[in-house]
Amino acid sequence: MGSRASTLLREEEIEEIKKETGFSHSQITRLYSRFSSLDKGENGTLSREDFQRIPELAINPLGDRIINAFFPESEDQVNFRGFMRTLAHFRPIEDNEKNKDHTASEPLNSRTNKLLFAFRLYDLDRDDKISRDELLQVLRMMVGVNISDEQLGSIADRTIQEADQNGDSSISFNEFIKVLEKVDVEQKMSIRFLH
Amino acid sequence: RGGRGRGKKAASEEEEDEDEVPAPRGRRGGNRKAARKGKDGDDEDADDDDDEDGKGPKKRGAGGRGGRGGRGGRGGGRGGRGGKKGGKGKEGDEESEEEEDKKGAKGKKKGGKKGKDEEEDEEEGGKGDKGATGKKGAKGKGKEDSMSEGEMAKLMEEVEEKKKLIATIRNKPWRMRRRLTHLRESQQFVDKFEGALGKGKGRKWYAYKVMMKKKWIKFQRDFENFRTACIPWERKIKEVESHFGSSVASYFIFLRWMYGMNLVLFGFTFGLVVIPEVLMGLPYGSIPRKTVPRAEADSAQDYSVLMDFNGYCKYSVLFYGFYNNQRTIGLLQFRLPLSYLMVGIGTFGYSLMVVIRTMAKNADVGGGDGEDGEFTFAWKMFTSWDYLIGNAETADNKYASITTSFKESIVDEQENQKDENIHLRRFLRVLANFMIICSLGGSGYLIYFVVKRSQEFASRDDLSWYEKNEVMIIMSLLGLVCPPLFETIAELEEYHPRIALKWQLGRIFALFLGNLYTFLFALFDEVNTKLELEGSIRNASLWNMKEYYANFTLNSNDTEATPPPMHPSDIIRGPCWETGVGIEFVKLTVSDIQVTYLTILIGDFARAVIVRFLNYCWCWDLEAGFPSYGEFDISGNVLGLVFNQGMIWMGAFYAPGLVGINVLRLLSSMYYQCWAVMATNVPHERVFKASKSNNFYMGLLLLILFLSLLPVVYTIMTLPPSFDCGPFSGKAKMFDVIMETIDLDLPAFLGTLFSYAANPGLIIPAVLLMVLAIYYLNSVSEAYQGANMELKKKMQMVRLQQKKG
């Protein structure tokens, strides 16, 4: 796999991806081989079925949403660049990056961007607000039919009540950040990619 | 590695490395180079790694460093072999940029060494400094000379860093080979130099101490792992917990705990009483107490007789009567009667200690609850899935447990929001309690009446089947009817399900106490009758023996010969009330087991089968309406377990085999009930979280322990043992065995000591002292609780202020 993979990935591409995402050279090559192994059709792009072959995603109630997050708006195939762009959100945050000043645009794996990624999983219509209906959909996926609809509705209402600060009955991104303030997002949303 | 912008090499402030020993450096340099080449051929640092402090270890550091690939131009600054912090081979330790700078690029960019692989370098910062300062001065470490303080400190730091690397090596995203290399180097370094930290002559001893300590820590860790892996049934209980909630799982955890305690009791009894008698005592058939009497010999093997625990069962190790009263038996002079008494008392002592210790442990956990109700639902919603699960079965369990946890939170919320008419609620509660007290009183009187009637029946002979078993029937009926009645009445009270469960448990407990009273009353009557009988039989037996010998001498015409002893099964036997009591308890336990298993089989399993299969051809929906599937009855099962244990405690003194029977019962119960719960029950409508402390169950158990202690102690102290069976036969009171031992076996002064200790003048002040101690500890604990509440309130205020501000 190694040899075939590396020939299909050019040095300039690797450099570009490195700049955009912050991964190292060896990481990018390794992720490329993973990409190729998932790509059963061998056409350089991944489709939704390819992702669903991963067992952890298949049994995850939110698996479909996560898979969706890889695909840009209304497309059915994702190439390696897009793949890396999504995975870049999960790169661990390093100290030296914490010290960099924020003149340049934030790197893809900053805490805010990680939270934005999570936020977009719930906010399906991309209006920057998680509404009650969207919460209900998520709840339905997580607990199925074991809890009655009105109870689910109460849970959704209660969640919004806990998080909403400006009274618009939906959770905006800032409110979302506030809710997860005490949760160690940097640790939970980071994957230690091998060097 | 993006992270490593090492622009160190800044000012290479050469620290004072004057006293460096060139030779070692060279040597080291050489080594390092070699080592490093292996890693990534980055030999720039070859030279700069010669730490002044000719630390051989540096080489290791270097090696480690080598590991860090691509150490960009370490270029300059190599000059000052300043602090070779790097030397400290902080392989895995990340170090931050500033640390590098601090080290003043002592040339040795040990920086690279810190294998900065995108790891946090926080701690390195500090270490860097230390290293920087520490490593000044060349301590000719390499040579095992006496070291100066600075050297020692530096060495210690280095050792610490290596140790930290070893501890965190698992978290680094490196390849396996690299990790292994670093690990080996670090371990060698630590081994070599840790011992050397001791000064001069004490060095070897110090090294030895350190090694023993490490071995001890490793041993402890392995032992902990082993212990945790040995906890039985953990997976089963987790499965039940994820489907049914923590309250149902708490019953199974309680069952497992009981099994453990019974196993220990069984070990004591078996090892100290049964085995000695079997191995070293007289065999079956040699003396009267161990033989089936001739009258019963024909039927002794019948199944029905054995089921009643008569026949061969009665004259076996299972019961008190089998044991011989020889003071010492066998080669080892094992004192069986003393051991029997001690084990009996030790059973209670051990159980008491274990129960109280568990209660104390649980009380800690129940203490501070920490996080408040902040964002409970939001957190549950956004963060409850575990993304590392890849197994379908685990995913199902997790799914079920998320659902259960939502349901529990819903119930908690509902309870917090109820705020209606307080007066109405109070009135209803008082009414409900009144009704329940009435029914308890009624059942108590019914039992009393029935027992009285059974006493009258005992004197008659022409009893119908109903009259013979009236007591049992009435008690079973009460046990079946009252609990559901209590539950229905309890709906008036509208408590939180957790609290309602406690009330229900308390009430059924009171009901069962009535049963207990009946049983003990009947038993006591029987014992008294037997005691009266014994007097007359004793005389009869002696008379019979004299007659036998008289006949023998008469018939043999030989006054010199000693008559052969009577065959053991011919000797007239006393009624042996202790064995009788033991048989009663064993019969009760066995019938309890049968009833429980049958109830589960019929009440749950048959019901589930009927509902499932009859549903296809029935007019209304059996699954949703009546009767539907059963729910797991927590209170009934817990109380059953607790009362069963009480019976065991009472009966273990008279029937040593009872504990063994109980162990088997608990073991099979665990598997049977786990299967039944998963296969035939549905989760409760309102799933609630069990209270954090299981102290309620423990409290019930403690109460029963005291209640069962009383009869046994009473009989030991006041009733005379039977004259011809059991280990205490022939004595006036059972505890005379202790007196005998003190007199004969222990040195004289101990005897006088005990007699002084038993003086009331000594005991009363001791009791007074204990009472005072209890009072003092109580007030101290109250003070602590008060302080706890204050702190909690403070925390809440701070949080509120944060929210506002």
Side-chain angles (χ1 to χ4, degrees), chain A residues 18 22-27 54-62 66 91-99 107 118-119 121-122 130 135 138-139 142-147 151-152 154-163 171 175-176 178-183 185 188-189 191-195, chain B residues 1-6 68-70 94-98 115-122 124-125 171-175 178 371 373-396 398-400 402-407 409-410 413-414 683 803:
Chain A
K18 201 168 169 175
F23 283 118
S24 75
H25 195 285
S26 47
Q27 286 173 328
I54 305 174
E56 284 85 349
L57 277 182
I59 57 176
N60 189 336
L62 293 177
I66 298 177
R91 198 163 65 82
I93 300 185
E94 298 151 33
D95 262 351
N96 51 5
E97 285 179 340
K98 284 191 196 155
N99 295 337
F119 187 76
L121 284 182
Y122 299 104
I130 303 182
L135 278 182
V138 172
L139 273 174
M142 286 211 308
V143 301
V145 295
N146 293 329
I147 300 188
Q151 280 180 334
L152 285 181
S154 313
I155 296 177
D157 286 331
R158 177 55 193 267
T159 310
I160 293 187
Q161 188 193 11
E162 280 173 357
I171 306 182
E175 288 156 357
F176 187 75
K178 191 90 206 304
V179 166
L180 293 178
E181 200 175 33
K182 298 215 180 81
V183 176
V185 171
K188 291 198 171 170
M189 280 185 73
I191 303 176
R192 283 191 300 265
F193 296 100
L194 279 183
H195 283 239
Chain B
R1 322 258 176 78
R4 287 206 271 143
R6 298 197 197 236
R68 327 229 190 75
E94 312 51 79
E95 69 183 2
S96 48
E97 318 305 314
E98 59 260 34
K116 300 354 184 110
D117 312 72
E118 2 222 316
E119 298 298 318
E120 319 60 55
D121 318 347
E122 307 84 26
E124 301 344 302
N171 296 338
K172 307 225 177 297
W174 298 339
R175 287 214 164 276
R178 185 167 169 201
E371 329 106 22
E374 267 200 272
F375 298 129
T376 22
F377 281 92
W379 280 358
K380 277 202 167 74
M381 168 163 246
F382 291 124
T383 63
S384 47
W385 181 254
D386 179 0
Y387 288 86
L388 293 177
I389 295 180
N391 175 352
E393 207 178 303
T394 320
D396 280 342
K398 184 68 181 169
Y399 200 73
I402 291 179
T403 310
T404 310
S405 127
F406 267 117
K407 285 191 181 172
S409 292
I410 290 178
E413 267 311 298
Q414 281 175 346
K803 258 192 183 164

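Order of the sequence lines fixes the chain letters, A, B, ..., with proteins taken first and strands second; residue numbering starts at 1 for each chain.
Note: A:I155 CD1 to B:I410 CD1 = 4.0 Å, rounded to the nearest 0.5 Å. Between atom CE of residue B:M381 and atom CD1 of residue A:I171 there is a gap of 8.0 Å, rounded to the nearest 0.5 Å. Atom CE of A:M142 and atom NZ of B:K380 lie 10.5 Å apart (nearest 0.5 Å).
Judged purely by atom type and a 3.5 angstrom limit, B:W379 uses its side chain to pair as donor or acceptor with the backbone of A:V179.
Only the side chain of A:F176 has a heavy atom closer than 4.5 Å to any heavy atom of chain B. In this structure, no portion of A:L152 lies under 4.5 Å from any heavy atom of chain B.
Looking at B:F382 and A:L135, their side chains come closer than 4.5 Å, going by heavy atoms from C-beta outward. At least one side-chain heavy atom of A:L139 sits less than 4.5 Å from a side-chain heavy atom of B:F406.
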